Undergrad: 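Take this structure first; my questions come after.
Model, not experiment: these values are computed from the prediction. A, B, ... follow the sequence lines: proteins, then strands. Residue 1 opens every chain.
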Amino acid sequence: MARNLLSIRHLSPDQIEELLVLGREFKQWVIEGKEIARLNRVVGQLFFENSTRTRVSFEQAAHYLGLKSVNFSTTGSSLKKGETLKDTILTLRYERLNGLVMRHPSSGAPALAARYFAGPVLNAGDGRHEHPTQALADALTIRERKGSLEGLTVAIVGDVEHSRVARSNAWLMAKMGANVRFVGPRTLMPAHSGLLPGDVFYDLESGIKDADVIIALRLQRERMTDGLIGSIGEYARQYQINRDKLRYAAPDALLLHPGPINRGIELDDAAADGEQSVITAQVENGIFVRMAALYWCFHEPEPPKPAPKSRAKKVKA
Amino acid sequence: MRTLLKNGRILDPSQDLDVIGHVMIEDDQIAAMGPDIPSDDVDDIYDCTGLWICPGLVDPHVHLREPGREDEETIVSGTQAAAAGGFTTICCMPNTSPPLDNPSLVDFILDRAASPEAGGVFVAPVGALTVGMRGEQIADLAAMKRAGIVAASDEEFPIQSSFIMQKAMETCVQVDLPIMAHCEDLSLSNGGAMNEGAMSAVLGVKGIPRSAEEIMVMRNCLLSLHTGCQLHVMRVSTWGAIEMIRQAKYLGAPVTCEVSPQHFVFTEEHVGEFDTHFKMLPPLRTQVDIDIMLQALQEGTIDVISSDHSPHASHKTQAPFEDAPFGQVGLESIVGVTLTHLTHRGILTPLETIRKLSTKPAQILRLDAGTLKPGETPIAQITVIDPGFEWTFDVNKTFSRSRNSPFHGMMLKGRSVLTFSGSEIYRDRHFSDDRITMVT
């Protein structure tokens with residue numbers, strides 16, 4: 001039996017805990033150079049959208065687990081020839097791939113893929129919807145330093161509306177007992193955030209006040225031409241996390257960023273490279289939580305089987 | 001040849017009539033109707049005890065897809081679906097490929113609709129308002145009207161320029177055609193795929209704000225008021241749009257509007273986990289919108305219930321939500337859904353239900369339909385409905401070539417069982433043979 005990792009929203013706190021513990025164990029084993037039982041399966045890496053870090057991270061994770069990766073990207077694939085996503089997925093299924101890691105520009109696309117693929121599908125980022133393994137990497141990074149997520153105040157700062165990282169992190173942190181805050185300008189905030197697990201702040205100072213964790217989001221430059229923000233400078237002056245603004249947060253606050261960083265826009269160098277920054281740790285932990293995710297997806301606990309029928313019945317009189 | 005529909009509940013909104021009685025069809029025409037009519041020399045008798053006898057239903061908003069997407073629907077399959085759904089007259093939309101923007105295509109559609117394989121229902125084409133539905137140059141409306149169009153519309157490509165829309169309205173006053181308008185400010189909807197609301201925020205799907213619809217409803221109502229052009233607003237979905245239309249009517253603008261069942265049955269929450277069968281245009285909204293819509297249906301601000309029958313191939317709906325097309329098939333579920341959700345719940349009386357499904361759309365588009373009065377329509381158009389029939393809608397058992405229905409699997413109460421256009425064009429298997437007496 002296989003299971004998917006499509007979103008954090010659908011995971012229970014126990015499942016998140018399981019994944020984070022697995023991630024911690026894999027990290028220990030890799031660092032200690034321990035032998036890890038090889039999974040001996042083939043995983044397709046389907047990237048319908050550019051990605052360097054997530055892709056490298058998943059490939060590294062697969063490598064440590066002894067999984068073979070098959071790469072599939074939009075350039076050179078049949079998608080350019082007009083094939084539907086469903087047909088692509090069916091083709092890969094009958095190419096006997098055992099699992100899929102999938103990134104897609106359209107929200108919900110991995111859920112669709114999971115319907116037609118017989119094996120685990122892992123969401124490596126879908127549209128603005130979710131990026132579950134990024135949230136797991138962030139949670140592991142925070143837990144290594146804070147022990148637990150329970151009771152922490154986590155401020156997610158920037159372009160929340162367009163961010164799958166924001167959504168996955170909000171669900172994960174809230175499910176694990178943290179208080180989530182969304183911080184950003186109105187034009188980059190969902191118009192109706194009532195079902196998202198967090199409070200909305202439109203100014204940075206109050207949004208990060210006494211926060212234990214700040215997750216800064218990347219600002220896409222297109223937002224300016226889209227009419228959603230004035231100038232980059234205007235945005236940076238109001239929402240950049242820098243050495244001055246960090247003082248509003250708790251003294252031991254952690255600073256995270258999913259990368260790639262626009263230095264000078266959402267972070268200044270002092271913040272990005274400062275003592276509170278755990279950005280490089282996030283990248284490294286990304287590998288271990290992705291190992292955990294792959295392993296977890298391939299090892300769903302068997303559902304309890306019905307007790308075997310008593311032998312006496314089968315024996316003919 | 002005389003056929004008698006006996007002992008049914010006659011619902012004829014054109015005469016405000018709700019009585020138990022009979023309808024006599026003689027040589028394709030309604031010869032007599034009422035509680036007490038002579039019934040001698042009858043050839044066939046249909047016993048309609050416990051059933052409604054209504055003027056044939058009229059759907060002003062149907063997509064037949066032909067020419068261009070015959071894999072999704074054809075004029076033949078679409079008219080068969082219409083007959084099975086209780087319709088005797090339907091209007092087909094111009095967003096075909098190529099678009100219906102010239103008289104020869106109008107001829108083609110009328111030809112196909114009249115072919116013996118077709119469902120036997122009248123097809124009244126709606127022509128494109130601008131050439132290629134590009135919103136730039138007004139189409140040859142007078143020539144298309146001579147060929148047989150009953151209204152003009154740019155359908156899912158609404159005219160964005162207020163100037164062009166104003167000129168289009170003036171032209172339509174000139175040639176005496178109503179405009180059917182899908183109202184959407186494309187700069188606001190801007191590639192959105194569902195209602196901009198709490199659900200779109202969770203799913204990370206780009207939202208379509210309600211203002212995208214309301215701004216265009218308001219603009220078009222104002223242009224209608226100032227030009228005097230008859231405007232029929234298609235697909236109303238928000239309480240704000242309803243309020244605009246209420247105001248326009250109050251101001252005396254010649255404005256009418258329609259809703260489709262999906263918009264008074266479902267909300268944005270039905271999108272669930274990216275279910276493309278709930279991707280509608282305009283998008284499914286919220287319970288508040290439904291509540292106001294039900295009120296507006298009751299008091300008459302909403303004139304018409306249409307199916308907005310929009311067949312789509314399964315490969316298009318089995319796609320990521322944002323890439324999937326908008327719309328649903330509806331001809332064969334609309335009677336059941338409307339009776340279940342409006343009539344049986346006391347929101348509409350049976351007579352008002354039939355008014356919105358037949359008489360009113362016929363009046364708005366000036367069609368020879370929507371009445372049981374003898375001599376009013378060239379041929380008899382009659383639909384018999386079993387209001388109490390309980391069934392489960394199965395989209396796989398429909399005449400339409402497409403399967404994209406949000407109503408699939410829904411328990412419904414009420415179904416059309418007999419459709420007459422001159423003679424019987426559809427008889428449901430649930431209309432028992434015991435009810436029929438053939439004298440000949």
Side-chain angles (χ1 to χ4, degrees), chain A residues 4 6-10 48-49 79 82-90 102-116 123 125-131 159-168 170-171 174 182 188-198 200 226-228, chain B residues 71 185-214 238 240 267-279 283-289 312-326 403-404:
Chain A
N4 307 311
L6 300 174
S7 63
I8 300 287
R9 180 163 53 102
H10 292 98
F48 296 101
E49 196 182 73
L79 289 165
E83 190 178 49
T84 63
L85 179 62
K86 179 189 166 187
D87 286 342
T88 304
I89 299 298
L90 284 176
M102 181 172 166
R103 168 165 291 188
H104 199 282
S106 195
S107 298
L112 179 89
R115 233 181 291 155
Y116 299 108
N123 181 2
D126 60 332
R128 310 167 173 189
H129 178 224
E130 286 226 30
H131 192 355
D159 185 0
V160 174
E161 163 76 333
H162 301 92
S163 175
R164 52 193 172 217
V165 173
R167 285 178 178 76
S168 281
W171 289 114
F182 299 113
L188 298 179
M189 207 51 90
H192 305 265
S193 56
L195 293 178
L196 289 172
V200 176
D226 289 347
L228 297 181
Chain B
D71 58 327
D185 182 327
L186 298 175
S187 72
L188 280 171
S189 53
N190 190 21
M194 66 183 291
N195 183 46
E196 182 179 89
M199 276 299 285
S200 68
V202 167
L203 295 176
V205 170
K206 189 164 166 33
I208 301 175
R210 45 185 68 240
S211 52
E213 176 177 342
E214 292 159 0
T238 75
T267 66
E268 57 178 1
E269 283 167 37
H270 285 88
V271 171
E273 291 302 313
F274 307 98
D275 190 338
T276 57
H277 285 144
F278 293 88
K279 184 174 176 182
L284 298 172
R285 306 287 185 182
T286 65
Q287 192 57 45
V288 177
D289 297 289
H312 290 298
S314 61
H315 75 261
K316 289 195 198 163
T317 53
Q318 291 166 352
F321 190 83
E322 289 167 299
D323 305 338
F326 293 96
R403 299 284 172 258
N404 51 311

Undergrad: Taking everything shown except Gln318(B) itself, do over 12 heavy atoms lie less than 6.0 Å from its CD?
TA: yes
Undergrad: In terms of heavy-atom pairs under 4.5 Å with chain B, which of Ser106(A), Pro190(A), Pro105(A), Gly108(A) leads?
TA: Ser106(A)
Undergrad: Checking His10(A) against chain B: side chain, backbone, both or neither under 4.5 Å from a heavy atom?
TA: side chain
Undergrad: How many angstroms lie between atom CD of Glu161(A) and atom OG of Ser200(B), to the nearest 0.5 angstrom?
TA: 7.0 Å
Undergrad: Contact part of Leu195(A) toward chain B, heavy-atom cut-off under 4.5 Å: side chain, backbone, both or neither?
TA: both
Undergrad: Heavy-atom distance under 4.5 Å to chain B: side chain of Pro197(A), backbone, both or neither?
TA: neither
Undergrad: Within this structure, what is the CZ-CG distance for the pair Phe274(B) and Leu6(A), rounded to the nearest 0.5 Å?
TA: 9.5 Å
Undergrad: Considering all heavy atoms of both residues, which atom of Pro320(B) and which atom of Leu85(A) are nearest to each other, and what is their separation?
TA: CG-CD2, 3.6 Å
Undergrad: Looking at Met199(B), His315(B), Glu273(B), Lys316(B), which has the largest count of heavy-atom pairs under 4.5 Å with chain A?
TA: Glu273(B)
Undergrad: Give a yes or no answer on whether the side chain of Arg9(A) reaches the backbone of Leu203(B) with a donor-acceptor pair at less than 3.5 Å.
TA: no
Undergrad: Which pair of heavy atoms, one from His129(A) and one from Val202(B), lies closest together, and at what distance?
TA: CD2-O, 3.7 Å
Undergrad: Hey, could you give me the CG/NE2 distance between Asp323(B) and His104(A), rounded to the nearest 0.5 Å?
TA: 6.0 Å
Undergrad: Taking all non-hydrogen atoms of both residues, which atom of Arg128(A) and which atom of Gly204(B) are closest, and how far apart?
TA: CB-O, 3.3 Å
Undergrad: Quick one: closest heavy-atom pair of Ala191(A) and Glu196(B), and the distance?
TA: CB-OE1, 3.4 Å
